[in-house]
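Following: one structure in structure tokens, then a few remarks.
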Amino acid sequence: MENVDVIYGKNSVLEALNVGNREINKILISKNIHSDIKINKIKELAANRGIVFQFVGREKFQPYEEFNHQGIIAMVAPIKYMELEDFIQQCKLKSGYCSVVLLDGVEDAHNLGAIIRTCVCAGVDGIIIPSRRNVQVNSVVEKISAGAVNHIPIIKVNSPVNAIQRLKENDWWVIATDASASDNYYDVKYNDMNFAIIMGAEHAGVSKSLLKASDFVVKIPMQNNFNSLNVSNALSAIIFETLRQKLTGNTSKK
């Protein structure tokens with residue numbers, strides 16, 4: 001089993017150091033990189049936390065040439081996933097309602113990274129991903145999320161259907177997305193309930209078993225019969241509508 005991962009890029013490494021919830025073994029900095037504010041801050045934070053940072057030659061970065069590493073890589077312990085039961089109990093202690101996004105078969109690491117970043121910006125309380133047939137959190141995801149993976153619980157489950165049933169047993173409402181739904185996403189009143197939003201795979205959408213287990217099924221209305229919105233963009237539209245309702249106390253439905 002893999003017990004070491006890497007994060008790369010100035011923003012991701014700096015965010016991991018700032019948040020301080022990842023075990024960082026060492027940081028590699030290219031000898032050819034020019035120091036700037038971010039590099040100096042990374043060195044300062046690493047020194048304060050007793051983390052070794054080394055200036056190394058270009059050959060050390062050859063395994064990562066396909067990535068935009070910006071001349072800096074941190075060797076870290078893998079991300080710690082939260083247990084679903086711990087997440088449910090944590091939400092019970094929170095003042096107000098909670099929200100979670102469940103991903104059903106998202107395969108692209110760039111999409112997952114963008115989704116995590118969106119969820120953090122919109123104040124979502126957690127993200128659930130299946131342990132199979134879904135991209136896991138890796139260095140690409142962390143880079144695309146700009147370090148947002150350090151700011152939100154990510155829950156890995158074996159069975160998304162069982163996870164949804166467990167949420168429903170604890171007074172959560174479940175909203176799935178499907179292009180053939182009759183209701184629009186902005187017709188649901190999100191601000192007076194705990195809710196889970198299910199987003200499907202890039203090509204297959206939400207599975208039939210999860211659609212059947214959901215309380216609501218909604219769509220994003222499209223123009224010109226062109227139904228090809230990226231899953232991360234689709235989630236942004238929905239999740240910021242939930243935030244709008246939370247901040248204003250209103251829905252769009254008259």
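Computation of the quantities below employed the complete heavy-atom set of this structure, encompassing side-chain atoms and omitting hydrogens, waters and symmetry-equivalent molecules. Bear in mind the structure is a predicted one, so any value in this text is a computation, not a measurement. Along the sequence shown, residues are numbered consecutively beginning with 1.
- The number of heavy-atom neighbours closer than 6.0 Å to NZ of Lys94, taken from other residues, nucleotides and ligands shown, is above 12.
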Q: Show the numbers, then the answer: is there a side-chain contact (heavy atoms from CB on, under 4.5 Å) between Ile116 and His151?
A: CA-CA 9 Å; Ile116 293 172; His151 291 273; over 6 Å; no

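- Residue Val76 is grouped with residue Ile39 when hydrophobic side chains (ILVMFWY) are merged at heavy-atom distances under 4.5 angstrom, including chains of intermediate members.
- At most 12 non-hydrogen atoms from other residues, nucleotides or ligands lie less than 6.0 angstrom from NZ of Lys60.
- Around atom CD of Glu83, no more than 12 heavy atoms belonging to other residues, nucleotides or ligands sit under 6.0 Å away.
- No single ILVMFWY cluster, assembled from side-chain heavy atoms under 4.5 Å apart, contains both Ile154 and Ile128.
- Under a hydrophobic-cluster definition in which Ile, Leu, Val, Met, Phe, Trp and Tyr are linked whenever side-chain heavy atoms come within less than 4.5 Å, directly or via other members, Trp173 and Met199 are assigned to the same cluster.
- Atom NZ of Lys80 sits about 14.5 Å away from atom NZ of Lys156, to the nearest 0.5 Å.
- Side chain of Ser30 to main chain of Gly57: no donor-acceptor pair is present (N/O by atom type, distance under 3.5 Å, no hydrogens or angles).
- Residue Ala148 comes nearest to Arg117 through the heavy atom pair CB-CA, 3.8 Å, listed as atom of the first residue, atom of the second, then distance.
- Contact detail for Lys219 and Asp178: the closest heavy-atom pair is CB-O, 3.3 Å.
- With hydrogens and angles disregarded, a donor-acceptor distance shorter than 3.5 Å links the side chain of Asp125 to the backbone of Ser99.
- One N or O on the side chain of Ser159 and one on the backbone of Asn162 form a donor-acceptor pair closer than 3.5 Å.
- A donor-acceptor distance shorter than 3.5 angstrom exists from the side chain of Gln136 to the backbone of Pro130, with no hydrogens or angles considered.
- Glu44 is not listed as a side-chain neighbour of Leu17, based on a closest heavy-atom distance of 4.5 Å or more.
- We find the CD1-OG distance between Ile144 and Ser12 to be 8.5 Å, quoted to the nearest 0.5 Å.
- For the pair Ile152/Ile127, a side-chain contact is recorded, criterion being any heavy-atom separation below 4.5 Å from C-beta on.
- For Asn184 (side chain) and Tyr186 (main-chain N/O), no donor-acceptor pair under 3.5 Å exists by modelled atom type.
- Under a cut-off of 6.0 angstrom, the local environment of CG in Asn48 is crowded, with over 12 non-hydrogen atoms contributed by other residues, nucleotides or ligands.
- Between the side chain of Asn134 and the backbone N or O of Val106 there is at least one donor-acceptor pair closer than 3.5 Å.
- Taken from CE in Met75 to CG in Asp5, the straight-line distance is 10.0 Å, to the nearest 0.5 Å.
- Nearest approach of Ala109 to Val141, heavy atoms of both residues: O-CG2, 3.6 Å.
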**Q.** Full working for side-chain hydrogen bond (donor to acceptor under 3.5 Å, both in side chains) between Lys92 and Asn170
**A.** CA-CA 9 Å; Lys92 287 182 178 179; Asn170 285 272; 2.9 Å; yes

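- With contacts defined as side-chain heavy-atom distances shorter than 4.5 Å, the pair Val217/Asp183 does not qualify.
- Both Val124 and Val149 sit in one connected hydrophobic cluster of ILVMFWY residues. Membership requires side-chain heavy atoms under 4.5 Å apart, directly or through other members.
- Distance NZ/Lys143 to NE2/His110: 9.0 Å, rounded to 0.5 Å.
- Side-chain contact between Cys121 and Ile239: absent, with no pair of heavy atoms (C-beta onward) separated by less than 4.5 Å.
- Side-chain atoms of Asn233 never come within 3.5 Å of backbone atoms of Asn230 as a donor-acceptor pair (strictly under, hydrogens ignored).
- Residues Val231 and Gly200 approach most closely at CG2-O, 3.6 Å, considering heavy atoms.
- The shortest heavy-atom contact between Leu243 and Ala122 is CD1-O, 3.9 Å.
- Within the 4.5 Å cutoff, no side-chain heavy atoms of Val101 are placed close to those of Thr118.
- Going from atom CG of Asp171 over to atom SG of Cys91 covers 12.5 Å, rounded to the nearest 0.5 Å.
- With Asp104 contributing its side chain and Ser207 its backbone, the two residues share a donor-acceptor pair below 3.5 Å.
- When the side chains of ILVMFWY residues are joined at heavy-atom separations under 4.5 Å, either directly or via intervening members, Ile129 and Trp172 end up in two distinct hydrophobic clusters.
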Q | Candidate pair Leu103 and Asn111, rule side-chain contact (heavy atoms from CB on, under 4.5 Å), full reasoning | A | CA-CA 11 Å; Leu103 304 179; Asn111 279 336; over 6 Å; no

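- Contact annotation: the side chain of Leu45 approaches that of Leu14 to within less than 4.5 Å [non-hydrogen atoms, C-beta and beyond].
- Counting heavy atoms from C-beta outward, Asp215 and Lys168 have side chains that approach closer than 4.5 Å.
- The line from CG of Leu211 to CD1 of Ile198 is 7.5 Å long, rounded to the nearest 0.5 Å.
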**Q.** Glu107 and Val135: CA distance, side-chain angles, deciding distance, side-chain contact (heavy atoms from CB on, under 4.5 Å) verdict
**A.** CA-CA 5 Å; Glu107 300 172 347; Val135 64; 5.6 Å; no

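- Counting heavy atoms from C-beta outward, Phe87 and Val100 have side chains that approach closer than 4.5 Å.
- More than 12 heavy atoms of other residues, nucleotides or ligands sit less than 6.0 Å from atom CG of Leu247.
- Under the side chain to side chain contact (heavy atoms under 4.5 Å, CB included) rule, Phe195 has a single partner from Leu167, Thr242, Val174, which is Thr242.
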Q: Go through the steps for Ile220 and Thr177 under the test side-chain contact (heavy atoms from CB on, under 4.5 Å), then give the verdict.
A: CA-CA 8 Å; Ile220 298 175; Thr177 55; over 6 Å; no

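- The shortest non-hydrogen separation linking Ile164 to Ala196 is CD1-CB, 4.5 Å.
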(Q) Could you walk me through whether Glu241 and Gln245 satisfy the side-chain hydrogen bond (donor to acceptor under 3.5 Å, both in side chains) test, starting with their C-alpha distance in whole Å, then the side-chain angles of each, then the deciding distance to 0.1 Å, before giving a yes or no? (A) CA-CA 6 Å; Glu241 167 62 15; Gln245 290 187 23; 2.8 Å; yes

